[in-house]
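For the numbers below, each heavy atom of this structure counts, side chains included, while hydrogens, waters and symmetry mates do not. Quick caveat: nothing in here was measured; it's all calculated off a predicted structure.
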Amino acid sequence: MPNVILSVKNLSVGFVSHERKVHIIRDVSVDVYEGETLAIVGESGSGKSVFTKTFTGMLDANGYIENGSIMFHGKDLTKLNKPEQWKGIRGKQIAMIFQDPMTSLNPLFSIGYQISEVLILHHGLSKADAKAEAIKLLKKVRIPDAEQRYDDYPFQYSGGMRQRVVIAIALACRPEILICDEPTTALDVTVQAQIIALIKELQAEYKWTTIFITHDLGVVANVADRVAVMYGGQVVEYGTAEDIFYEPAHPYTWALLSSLPQLGSKNEPLTFIKGNPPSFVSEIVGDAFAIRNDYAMRIDFLQDPPLFKISETHYAKTWLLDPHAPKVEKPLIIQNLRARMKIAARELQREVGEGE
């Protein structure tokens, strides 16, 4: 096994809202291995972004870490509570790409200036050397006419081009870990594929570790080595991409996979997850997914399940894995997922061919 680069143990995170404490991340433990791509998957509101913001000290002002540890190079990041303590970590060692690149780019400064500023701050380059390196980085992320476009402003770029610039800024830092917070959600399908391919290509070249946050399991299939499925502020299933796609064990993971539009057939209704994610305002009793779970048992409404070990790489937090639980079959639509995905791929190729 590769080395663990980031180790999260029993992390709990809360927010103070209207003079009351709201618990968002609830006792989460995850190891991130050097050089891998870990995908964190779940619906909006599952806690994915809040969880990873703790890795860079970017919780909102009313957020706080209740307990747990985040170990990175022998340092517990939960103990850092001053901006200056994060200076050598945030951006330089752990960088982040956000869903909307305009939240990362200053509209008042040119693209080139913003990349050069990072190179000067983190690597001590002169202005001339920083400009030359910034142009190289723009070329690396495939911005055409990089020399001429160095002085352009963010509004002069499309969404996909702005996301490439944000990736160039991350590259300028030479991070060990790159967190990608749904970086393709706001882009059209063709540009999504280009950005994902670019991130994978640069990861192979620069040997960084990627944490990829997404709600799209189709994206996960293309990028992930391992997957953490989040629901209700907890990791409810954790394993290799093979484990999660072909041997899923948690009913929530079953529901996510069943909802993949690629698996739909003209003779079958679309599958969806009924109900809404839980509210964190009220205390969650039992399994957070119980109220939406067709396989829920009485105990699911009373007691939070432990994390059961399925194999050396695969864990799931569901009472269905208890030795005393009744044996149930996962949904028919995902029982032969490999074959269904191959059929879906062939149909897509046929449709593309007919369109041409």
Side-chain angles (χ1 to χ4, degrees), residues 22-28 39-51 99 182 185 213-221 224 227-239 241 243-308 310 314-322 325-337 340-341 343-344:
V22 180
H23 305 283
I24 303 296
I25 303 301
R26 304 182 297 134
D27 196 30
V28 171
I40 301 177
V41 185
E43 294 168 283
S44 296
S46 60
K48 307 184 299 295
S49 295
V50 171
F51 176 49
Q99 179 176 334
E182 305 216 36
T185 299
I213 305 167
T214 183
H215 63 271
D216 187 344
L217 279 168
V219 171
V220 172
V227 181
V229 180
M230 286 197 73
Y231 186 82
Q234 297 181 323
V235 171
V236 297
E237 188 159 6
Y238 180 63
D243 292 332
I244 299 302
F245 273 89
Y246 304 122
E247 298 294 336
H250 196 285
Y252 180 59
T253 310
W254 295 351
L256 287 177
L257 289 167
S258 298
S259 302
L260 279 171
Q262 299 96 308
L263 302 184
S265 169
K266 293 179 181 179
N267 300 318
E268 296 175 338
L270 288 174
T271 303
F272 63 95
I273 307 175
K274 64 184 181 182
N276 297 305
S279 169
F280 292 106
V281 175
S282 303
E283 182 183 358
I284 297 173
V285 178
D287 186 339
F289 189 58
I291 197 169
R292 307 171 74 188
N293 181 8
D294 292 334
Y295 305 88
M297 299 174 287
R298 185 169 179 271
I299 193 172
D300 286 299
F301 296 92
L302 301 173
Q303 188 175 340
D304 191 26
L307 191 67
F308 289 91
I310 301 168
H314 193 190
Y315 300 82
K317 201 174 190 308
T318 172
W319 284 116
L320 289 178
L321 293 173
D322 187 277
K327 302 304 176 187
V328 299
E329 293 288 338
K330 59 189 176 183
L332 184 62
I333 194 171
I334 61 170
Q335 284 186 17
N336 195 5
L337 194 58
R340 277 184 172 265
M341 292 186 78
I343 292 170

I would like to know whether Trp254 and Val328 meet side-chain contact (heavy atoms from CB on, under 4.5 Å); could you show each step before the answer? CA-CA 12 Å; Trp254 295 351; Val328 299; 3.9 Å; yes

For a side-chain contact (heavy atoms from CB on, under 4.5 Å) check, start with the C-alpha distance between Phe289 and Thr318, then their side-chain angles and the critical distance, and finish with the verdict. CA-CA 10 Å; Phe289 189 58; Thr318 172; over 6 Å; no

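Heavy atoms of other residues, nucleotides or ligands lying less than 6.0 angstrom from CD1 of Ile291 number 12 at most. Around atom CD of Glu247, no more than 12 heavy atoms belonging to other residues, nucleotides or ligands sit under 6.0 Å away.
Taking every heavy atom of both residues into account, Ile244 and Leu257 meet most closely at O-CD1, 3.4 Å. Closest heavy-atom contact between Tyr315 and Leu307: CB-CG, 3.8 Å. When all heavy atoms of Val236 and Tyr252 are compared, the pair lying nearest together is CG2-CD2, 4.2 Å. In terms of heavy-atom proximity, Asp216 sits nearest to Thr214 at N-OG1, 2.9 Å. For the residue pair Ile284 and Gly232, the shortest heavy atom distance occurs at CD1-O, 4.4 Å. The shortest non-hydrogen separation linking Val41 to Lys48 is C-CD, 3.7 Å.
Distance check, rounded to the nearest 0.5 Å: NZ of Lys317 to CZ of Phe308 gives 9.5 Å. Taken to the nearest 0.5 Å, the CG atom of Asn276 stands 11.5 Å off from the OG atom of Ser44. With rounding to the nearest 0.5 Å, the separation of CD1 in Ile25 from OG in Ser46 is 8.0 Å. We find the OG-CG distance between Ser258 and Leu217 to be 10.5 Å, quoted to the nearest 0.5 Å. With rounding to the nearest 0.5 Å, the separation of CD in Gln234 from CZ in Phe51 is 12.0 Å.
Side-chain N or O atoms of Trp319 include one that pairs as donor or acceptor with a backbone N or O of Gln303 at under 3.5 Å. The closest donor-acceptor contact from the side chain of Glu237 to the backbone of Ala249 lies under 3.5 Å. The backbone N or O of Lys330 sits less than 3.5 Å from a side-chain atom of Gln335, completing a donor-acceptor pair.
Side-chain atoms of Leu256 and Ile273, non-hydrogen and from C-beta on, do get closer than 4.5 Å to each other. Side-chain contact check for Met297 versus Pro326: some heavy-atom pair is nearer than 4.5 Å. Annotation: side chain of Gln99 is not in contact with side chain of Ile213 (no heavy-atom distance under 4.5 Å). Using a 4.5 Å heavy-atom cutoff, the side chains of Arg292 and Pro277 are in contact.
Applying side chain to side chain contact (heavy atoms under 4.5 Å, CB included) to His250 and the options Val229, Asp287, Leu321, Leu320 leaves one that passes, Asp287.
Asp27 is linked by a salt bridge (charged side-chain N to carboxylate O under 4.0 Å, His left out) to nothing, counting only residues two or more places apart in sequence or in another chain.
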